[in-house]
Chemist: 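One structure follows; several queries about it will come next.
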Amino acid sequence: MAELKLIEKLNNALSWELRAINMYAHYSAYVQGIQRLQLSGHFTAEATESIGHANIVRSAIVKLGGEATTERNSHPIVHTTDYIEMLKQAHETEIIAGEVYGEILQTLKSHNDDELYDAIENIYFAELRSVEEVRMLLN
């Protein structure tokens, strides 16, 4: 039962990573003006980071005997060319991702898998850094 709950939480994280990949790739293509110089690369790097996170989470699900989701989270991706709105959406996404990984870490405390705990903790810290980075871009 605990394994199923963990797989469910990991699949939730995977769905958010799949969403983030789409959102950041979309925003990288649509950011305009002078902000494009900085933000296109930022969004592309975030999409690449999300691909890496998704691979780690997907592998964990397989290791646990689960079936990894192929669907992105249904939370809407706002289409815009307004870079401030893009950053607000990115900030919201990173906050939620941090919360999702925080919940997984709590669940992993009762499992005896230090390798998985360390991998998820690294992702969690990366999400927290992203929250702060986007917050600073918004200010």
Side-chain angles (χ1 to χ4, degrees):
M1 181 65 169
E3 294 286 312
L4 291 176
K5 190 66 170 168
L6 177 57
I7 291 168
E8 181 182 309
K9 288 181 183 227
L10 288 167
N11 265 318
N12 183 40
L14 179 56
S15 75
W16 276 98
E17 294 295 354
L18 296 174
R19 180 187 174 277
I21 293 164
N22 288 335
M23 181 188 74
Y24 285 124
H26 186 78
Y27 288 168
S28 178
Y30 279 94
V31 67
Q32 299 176 0
I34 193 72
Q35 294 80 16
R36 182 169 178 74
L37 295 173
Q38 173 71 29
L39 292 181
S40 180
H42 170 78
F43 292 143
T44 298
E46 289 294 325
T48 300
E49 181 178 88
S50 290
I51 290 170
H53 291 172
N55 287 339
I56 291 167
V57 172
R58 189 179 297 108
S59 293
I61 292 166
V62 171
K63 177 182 171 183
L64 293 168
E67 184 176 331
T69 187
T70 58
E71 301 296 322
R72 75 168 183 87
N73 186 281
S74 63
H75 191 79
I77 295 173
V78 175
H79 172 75
T80 183
T81 57
D82 177 354
Y83 79 97
I84 296 291
E85 185 59 32
M86 291 176 182
L87 289 172
K88 287 179 182 176
Q89 294 299 314
H91 192 242
E92 175 190 40
T93 297
E94 298 299 339
I95 288 171
I96 293 169
E99 292 169 353
V100 166
Y101 284 108
E103 289 176 13
I104 293 170
L105 287 175
Q106 290 301 315
T107 303
L108 281 171
K109 285 183 178 180
S110 63
H111 284 70
N112 193 17
D113 191 335
D114 292 339
E115 180 183 358
L116 180 55
Y117 188 92
D118 289 346
I120 297 299
E121 186 177 54
N122 283 331
I123 296 173
Y124 173 71
F125 288 139
E127 299 298 348
L128 295 183
R129 282 190 299 275
S130 291
V131 167
E132 184 60 16
E133 183 175 9
V134 176
R135 185 192 67 77
M136 290 181 71
L137 288 170
L138 277 167
N139 286 337

Chemist: Taking the side chain as every heavy atom from C-beta outward, state whether E127 and H53 have any atom pair closer than 4.5 Å.
Modeler: yes

Chemist: If you round to the nearest 0.5 Å, how far is CG of L105 from NZ of K9?
Modeler: 10.5 Å

Chemist: Counting N and O atoms only, with roles assigned by atom type, does the side chain of N73 sit under 3.5 Å from a partner on the main chain of R19, one being a donor and the other an acceptor?
Modeler: no

Chemist: Would you say Q89 and T80 make side-chain contact, with heavy atoms under 4.5 Å?
Modeler: no

Chemist: Do K109 and Y117 have side-chain heavy atoms sitting under 4.5 Å apart?
Modeler: yes

Chemist: Of all heavy-atom pairs between A20 and T93, which one has the smallest distance, and what is that distance?
Modeler: CB-CG2, 4.3 Å

Chemist: Would you check if E49 and S130 make a side-chain contact, meaning some heavy-atom pair closer than 4.5 Å?
Modeler: yes

Chemist: I'd like to know whether CD1 of I34 has more than 12 heavy-atom contacts from other residues, nucleotides or ligands below 6.0 angstrom.
Modeler: no

Chemist: side-chain hydrogen bond (donor to acceptor under 3.5 Å, both in side chains), that's the test. Do R58 and N55 meet it? Break it down for me.
Modeler: CA-CA 5 Å; R58 189 179 297 108; N55 287 339; 2.8 Å; yes

Chemist: Would a distance-only check, ignoring hydrogens and angles, find a side-chain to backbone donor-acceptor pair under 3.5 Å from S28 to Y24?
Modeler: no

Chemist: Do N11 and L14 have side-chain heavy atoms sitting under 4.5 Å apart?
Modeler: yes

Chemist: As a quick check of understanding, evaluate side chain to side chain contact (heavy atoms under 4.5 Å, CB included) for Q35 and M86, giving each step before the final call.
Modeler: CA-CA 11 Å; Q35 294 80 16; M86 291 176 182; over 6 Å; no

Chemist: Measure the shortest side-chain to side-chain distance between D113 and K63 over non-hydrogen atoms and say whether it is less than 4.5 angstrom.
Modeler: yes

Chemist: Working to the nearest 0.5 Å, report the span between CD of Q106 and OH of Y101.
Modeler: 16.0 Å

Chemist: In Å and rounded to the nearest 0.5 Å, what is the CD1 to NE2 distance from I96 to H91?
Modeler: 11.0 Å

Chemist: Would you give the length of the straight line joining atom CD of E46 to atom CG of L39, rounded to the nearest 0.5 angstrom?
Modeler: 11.0 Å

Chemist: Spell out, as yes or no, whether a donor-acceptor pair under 3.5 Å connects the side chain of S15 to the backbone of N12.
Modeler: yes

Chemist: Can you name the nearest heavy-atom pair linking V57 to A13, along with the distance?
Modeler: CG1-CB, 4.5 Å

Chemist: Quick one: closest heavy-atom pair of L64 and I7, and the distance?
Modeler: O-CD1, 3.8 Å

Chemist: Can you tell me how far the CG atom of D114 sits from the CG atom of L108, to the nearest 0.5 Å?
Modeler: 10.0 Å

Chemist: Could you tell me whether Q38 atom CD has more than 12 heavy atoms of other residues or ligands within 6.0 Å of it?
Modeler: no

Chemist: Can you get from W16 to L116 by hopping between Ile, Leu, Val, Met, Phe, Trp and Tyr side chains that sit under 4.5 Å apart?
Modeler: yes

Chemist: For residues I123 and I104: do they belong to one hydrophobic cluster (side chain heavy atoms under 4.5 Å, members Ile, Leu, Val, Met, Phe, Trp, Tyr)?
Modeler: yes

Chemist: Atom CG in L10, atom OG in S59: separation rounded to 0.5 Å?
Modeler: 11.0 Å

Chemist: Can you hop from I61 to I51 via hydrophobic side chains spaced under 4.5 Å?
Modeler: yes

Chemist: Just wondering, do E133 and E94 contact through their side chains at under 4.5 Å, heavy atoms?
Modeler: no

Chemist: Report yes if some heavy atom in the side chain of H111 is under 4.5 Å from a heavy atom in the side chain of L6; otherwise report no.
Modeler: yes

Chemist: Taking the ring of H79 and the ring of Y30, is the distance between their centroids below 6.0 Å?
Modeler: yes

Chemist: Count I, L, V, M, F, W, Y as connected when their side-chain heavy atoms are under 4.5 Å apart, and connections chain through other members. Are V134 and I95 then in the same cluster?
Modeler: no

Chemist: Report whether F43 and I21 are members of the same hydrophobic cluster (ILVMFWY, side-chain heavy atoms less than 4.5 Å apart, transitive linking).
Modeler: no

Chemist: Under 4.0 Å between a Lys/Arg side-chain N and an Asp/Glu carboxylate O for E132 and R135?
Modeler: yes

Chemist: Where is the tightest heavy-atom contact between I84 and D82, given as atom of each residue plus distance?
Modeler: N-OD1, 2.9 Å

Chemist: Applying salt bridge (charged side-chain N to carboxylate O under 4.0 Å, His left out), which residue pairs with at least one partner in residues 65-75 are found, sequence neighbours left out?
Modeler: none

